Amino acid sequence: MKPKKKNKGALAALPLYIFTLVFVLGPLLYMLALSFMTRAETWGVVPEFTLENYANIFQPVYLSTFWESIKLAALSTVLVVLIGYPFGYFMAKLTAKWKKRTMMLLMIPFWTSSLLRLYGWIIIFRAGGVLDSVLMSLHITSGPLKLLYTYPAVVVGMVYALVPFMIFAVYSSAEKLDFSLVEAARDLGATPFKAFWTVSLKLTLPGLLSGVVLTFVPSMGLFFIADILGGNKVVLVGSLIQEQLLKAHNWPFAAALSVALLLLTTLLLFLYRKAAGVKDLEGLV
Amino acid sequence: MDGSLLELIGIEKSFGDAKVLQGISLTAAQGEFITLLGASGCGKTTTLRIIAGLETPDKGQVLLSGTDMTHAEPNRRDVNTVFQNYALFPHMNVAQNIGYSLKLRKAPKEEIRRRVGEMLELVQLPGFERRAPGELSGGQKQRVAIARALIGKPRLLLLDEPLGALDLQLRRQMQLELKRLQKKLGITFIYITHDQEEALNMSDRIAVMKDGLFQQVGTPAQVYDSPKTSYVARFVGAANLIHGTVQEVRGDMALFTSTDGSGRFLTRGHAFAQGQPVTLALRGEQAAALEDSGREEPGLMGTVKEKSFAGGMLRITVGLPSGGEFACFRHGIDSDLAPGGRVKIQWEPAAACPVDL
């Protein structure tokens, strides 16, 4: 009986396999192949095996770009945790009615293009923009802050774009938290902080850890935020790849950079999973 | 000596518009086993949560060993709770659960290990240290929850329907075990249940609760034999209630009449006047349904409605002329009485207890 059942299940999953093969594995292999080819003189590639593309990555200018990307991703993730965790945790404690409303407020921005929302930030950040006029009319600052096209602007944009994912991940974990466990901890002598630390945090850790993955991985590649809010001052791996592909037309090098980014992210995730000691990050890693 | 360990003074508590506690007062002595008995929604869990510090009363005071602790945080109270759903920490094993409070107090590891072992011995789960809560049966979880609450040597242990989720046989066994534990440790227990048998079996005193008020606080014998109110009589003793009018009072003996007949009862210190309405509680096993002999004797007249045998007793349901029913119990599997037969219900005057409505 059992093998039969298994076969049936596999058959039902067949479309998924085909989809994955065609749209995920195919492009990946194509990218991998490209990364070992040689750039043509004018346009496109020549199928001539080379390792030069990978060797190029180790030039200091590109290495530092990778390093900058990791630093920005890490900083954004830390800020997203600090904002998103409490938000998601307390959202789970709201009444059903307010949970729904809060969820709605979080979802509405997703109905518009993320690009448009970033242009919104430009209006806020630019010299003499919304932020400046508010701060100046309150006499907190005397002149324009010139925040647009700076590192902080990029960080704000990243955090803004990614914080909902953290909130959703933490919320789904915190909603399952049985509050009587916190009461039991308090009853057994724990201060509110100790009860949170030993019970609530431990039991919502899977959500937090998934949220970190959901934040860190995309922030390694979110090039358009750095482009739009950072001008050309903040160069990340993502922007570098885009530049090599679309402006320099160096497809093999762009592919090699992409493969390197993929490997780096996978490695970081692997290390992270080891360090977190959690086997199941809610099915993410 | 003022030996009261816990004192509740005029506790009131509302949630929104619902007044859950309407002014309850209670004292508990060191080593006493007190049960809060009542149907669900009567406010017993809220009372427990106020003692534990998980709720703050709107009015009234909570004194522990004479100190006002009404607004003290739960972690500042020498009180531990066994929660209804056990509330074991799912991310810790049995030893970590039980040792939790000692770890908070930064006790040395060796001492925690030793004390956890002792507690597991006490609740008869030796060797269970490394098990996860998810691997335990309901009864085992219960024992772990009790061990976790007792390891800090509280002076007061609160138990919220601890046996509610267990099957009947296990309940009986755990009742005996809990009583044994309580005697051995000399800790005051405040125990919540809606099962009157459990309350009668285990308690030194029972507080019968209804609608946020104590109907009666007394020993099991007092509550069972001399219920103060009709609710206590019905809830604890499953007693029949008779409504009548006092006909005459002679010393401590009184006679009442009703549409169903007449009968005698002891006044038990109440002052009754002729013509005063009275409600009596009369338990089925203390009343006898006899074939109507036609003699002029006090008793309630009725017709046998049905007979059923349960728990070693024959239950005879008698329909009264007023439309009510009266349940009599007698030993044995059957009687001569047949459904439809005319009977008279009679009792010893001491068996009928006057109660407040």
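Note that the structure is predicted; figures quoted are calculated from it, not measured. Residue numbers start from 1 in every chain, and the chains themselves are labelled A, B, ... in the order their sequence lines are given, proteins ahead of strands.
- Counting heavy atoms of neighbouring residues, nucleotides and ligands inside a 6.0 Å radius, atom NZ of B:Lys103 does not exceed 12 of them.
- Neither the backbone nor the side chain of B:Ile151 comes within contact range of chain A; no heavy atoms are under 4.5 Å apart.
- No hydrogens or angles considered: nothing links the side chains of A:Thr191 and B:Asn75 as a donor-acceptor pair under 3.5 Å.
- Listed options B:Pro154, B:Pro90, B:Gly53, B:Ala145 were ranked by heavy-atom pairs under 4.5 angstrom with chain A; first place goes to B:Pro90.
- Listed by first and then second residue, the ring pair (Phe, Tyr, Trp, His ring centres under 6.0 Å) pairs involving residues 74-99 of chain B are B:Phe89-B:Tyr100 (not counting sequence neighbours).
- Applying the 6.0 Å contact sphere to NZ of B:Lys179 captures more than 12 heavy atoms from other residues, nucleotides or ligands.
- Within a 6.0 Å radius of CZ in B:Phe15, more than 12 heavy atoms belonging to other residues, nucleotides or ligands are found.
- Counting only heavy atoms from C-beta outward, the side chains of B:Arg49 and A:Glu183 approach each other to under 4.5 Å.
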Anything under 3.5 Å between a donor and an acceptor, one on a side chain of residues 70-86 of chain A, the other on a protein residue two or more places apart or in another chain? List them.
unit_1  : atom_1 : unit_2   : atom_2 : d
A:Lys71 : NZ     : A:Glu68  : OE2    : 3.4
A:Ser76 : OG     : A:Leu72  : O      : 2.7
A:Thr77 : OG1    : A:Ala73  : O      : 2.6
A:Tyr85 : OH     : A:Thr204 : OG1    : 2.4

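- For a residue to count as touching a neighbouring chain, one of its non-hydrogen atoms must lie under 4.5 Å from one of that chain's; by this rule A:Leu181 touches chain B with backbone and side chain alike.
- Interface remark: B:Ala149 contributes backbone atoms only to the contact with chain A (heavy atom separation under 4.5 Å).
- A pairwise comparison of heavy atoms in B:Asn80 and A:Leu188 identifies ND2-CA, 3.9 Å as the closest pair.
- The part of A:Asp178 that comes within reach of chain B is its side chain, from C-beta onward, which places non-hydrogen atoms under 4.5 angstrom from that chain.
- For the atom pair CZ (A:Arg186) and CZ (B:Arg76), the distance works out to 10.5 Å, reported to the nearest 0.5 Å.
- Few gaps surround CZ on B:Arg115; more than 12 heavy atoms of other groups in view lie less than 6.0 Å from it.
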